[in-house]
Amino acid sequence: MKIGYPCINNSLDCTSNRTFRLINYSQERLIETVYQNLECLQKILDFNVKNKLLFFRIGSQLVPFASHEINSFDWADYFKKEFKEMGDYIRKNDVRISMHPDQFVVLNSIRDDVVDKSIKEIEYHCQVLDLMELDQTAKVQIHIGGVYGDKKESMKRFAKNYSRLNSKIKKRLAIENDHVSYSLKDCLSVHKETGVPIIFDNLHHQCLNNGEPISEAIKEANNSWSEKDGNLMVDYSDQKKNQKKGVHADTINLDSFKTFLKEIEGIDCDIMLEIKDKEKSALKAISLINQ
DNA sequence: AGTTGTCAAGCTAGT
DNA sequence: ACTAGCTTGACAACT
């Protein structure tokens with residue numbers, strides 16, 4: 001089991017999500033920013049390896065405006081060597097990587113332009129992982145998308161649009177249960193249709209479920225992962241106390257986490273801690289596991 | 001140096 | 001009709 005955290009390390013004095021305003025776009029600015037982001041990503045990975053945190057989500061801003069129409073620069077070719085070396089480091093140290101395009105990526109949108117832009121953005125995420133020469137255990141996770149007043153039809157649209165993606169992209173994708181629209185059960189139904197593996201999010205499941213206890217839910221999610229996809233990925237968070245449903249906690253509650261680990265006993269999965277204080281909680285969790 | 005409004009993109013629920 | 005929330009964080013223009 002690997003433990004990780006998403007995108008940001010607050011113990012280091014750098015970010016791998018540096019960006020700039022569209023209005024200030026220039027090729028020079030892009031190159032400079034990507035260099036800085038890659039440099040910081042290396043520092044974060046060093047920190048993680050040193051602390052045995054072998055799961056990490058790379059932020060979507062690694063290459064700002066990568067899929068935007070303003071960007072005609074062949075960044076993939078320009079940074080080929082840097083990405084390859086980063087990938088070598090990742091593979092050498094047995095680090096698991098995921099990426100999570102943001103909320104604007106909606107593969108099942110009723111608007112064609114949104115679907116087109118979503119596919120471009122997904123392709124960018126996949127390209128990063130491809131340039132790093134990571135196998136298909138490195139995942140790009142998305143949600144099923146919008147409901148538009150007809151969930152069944154919207155799930156069908158997801159499956160249809162998914163089926164039209166090229167196989168290289170399909171191999172990278174995973175879907176995650178969300179907290180308002182698509183439950184684990186819905187994801188399972190889309191999985192049945194498409195074969196796409198399911199990332200299990202415990203907090204979303206807490207907000208939206210069909211009565212399955214965690215122990216059962218995790219088994220069902222786990223069954224959606226093939227050998228080639230690697231271990232089941234789990235997004236873990238605690239509910240922030242006295243806040244509305246779905247708000248992430250500031251720091252990990254180790255008692256709750258212990259209980260969770262008990263409930264998923266026997267399932268070999270990698271856990272991403274989506275908690276506000278990022279690596280601090282991850283360090284607490286890893287020391288709990290290693291003790 | 002610190003503060004604050006704004007940022008490429010979408011959708012849902014709550015007001 | 002409008003806003004918060006979603007990984008909200010980082011930029012940039014202002015005090």
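The chains referred to below are lettered A, B, ... by the order of the sequence lines, with proteins before strands, and numbering in each begins at 1.
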Decide if the gap between the ring center of A/Y182 and the ring center of A/F158 is smaller than 6.0 angstrom.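 Distance test on ring centres: not under 6.0 Å, no.
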Kindly state whether the ring of A/F55 and the ring of A/Y5 have centres lying under 6.0 angstrom apart.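 No - the distance between ring centres of A/F55 and A/Y5 does not fall below the 6.0 Å cut-off.
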Please state the [atom1] separation for the pair [N] and [M] - nearest whole angstrom.
N: C/dA13; M: B/dA8; atom1: P; result: 12 Å
N: B/dG2; M: C/dT8; atom1: P; result: 25 Å
N: B/dA13; M: C/dT7; atom1: P; result: 15 Å
N: C/dT3; M: B/dG5; atom1: P; result: 14 Å
N: B/dT6; M: C/dC2; atom1: P; result: 15 Å

Would the distance check show the side chain of A/K228 and the main-chain N or O of A/Q136 forming a donor-acceptor pair, the cut-off being under 3.5 Å? no
Test item: A/D270 side-chain N/O and A/R96 main-chain N/O as donor-acceptor pair under 3.5 Å: no
When we call it a touch if two heavy atoms are under 4.0 Å apart, what does [X] touch: a base, just sugar-phosphate, or nothing?
X: A/E121; answer: base
X: A/D178; answer: nothing
X: A/V147; answer: sugar-phosphate
X: A/F65; answer: base
X: A/S118; answer: nothing

OP1 or OP2 of [N] under 4.0 Å from side-chain N/O of [X]:
X: A/N24; N: C/dA12; result: yes
X: A/R111; N: B/dG10; result: yes
X: A/R29; N: C/dA12; result: yes
X: A/S181; N: B/dT12; result: no

Sort out for me which residue in A/R172, A/K84, A/K171 forms a salt bridge (Lys or Arg N to Asp or Glu O under 4.0 Å) with A/D130.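 Of all the options given, the one that passes is A/R172.
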Whole Å only: how far is the [atom1] atom of [X] from the [atom2] atom of [N]?
X: A/Y25; N: C/dA10; atom1: OH; atom2: P; result: 21 Å
X: A/F20; N: C/dC11; atom1: CZ; atom2: P; result: 10 Å
X: A/Q61; N: C/dC11; atom1: CD; atom2: C1'; result: 11 Å
X: A/Q103; N: B/dA8; atom1: CD; atom2: C1'; result: 11 Å
X: A/R57; N: C/dG9; atom1: CZ; atom2: P; result: 13 Å
X: A/I110; N: B/dC11; atom1: CD1; atom2: C1'; result: 10 Å
X: A/R18; N: C/dG9; atom1: CZ; atom2: P; result: 16 Å
X: A/H179; N: B/dC11; atom1: NE2; atom2: P; result: 15 Å

Taking only the side-chain heavy atoms of [X] (C-beta and beyond), determine which of [options] contains the nearest atom.
X: A/T15; options: C/dA10, B/dG10, B/dA8; value: C/dA10
X: A/K276; options: C/dA10, B/dG10, C/dT8; value: C/dT8
X: A/S60; options: B/dA8, C/dT7, B/dG10; value: C/dT7
X: A/N17; options: B/dA8, B/dA13, C/dA10; value: C/dA10
X: A/V106; options: B/dT12, C/dC11, B/dC11; value: B/dC11

Does the structure show a Watson-Crick or G-U wobble partner for B/dC11, both distances under 3.5 Å? Name it, or say none.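 Pairing partner: C/dG5.
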Would you mind pulling out the nucleotide paired to B/dG2, Watson-Crick or G-U wobble, both distances under 3.5 Å?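 With both distances under 3.5 Å, B/dG2 matches C/dC14.
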Salt-bridge contact A/K2-A/D94 (side-chain N to carboxylate O under 4.0 Å):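 Salt bridge between A/K2 and A/D94, a charged N being under 4.0 Å from a carboxylate O: yes.
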Are A/V180 and A/H204 close enough, and set up right, to give a side chain to side chain contact (heavy atoms under 4.5 Å, CB included), and what steps lead you there? CA-CA 8 Å; A/V180 282; A/H204 291 164; over 6 Å; no
Near-parallel close stack of A/F104 and B/dG10 base (under 5.5 Å, under 30°): no
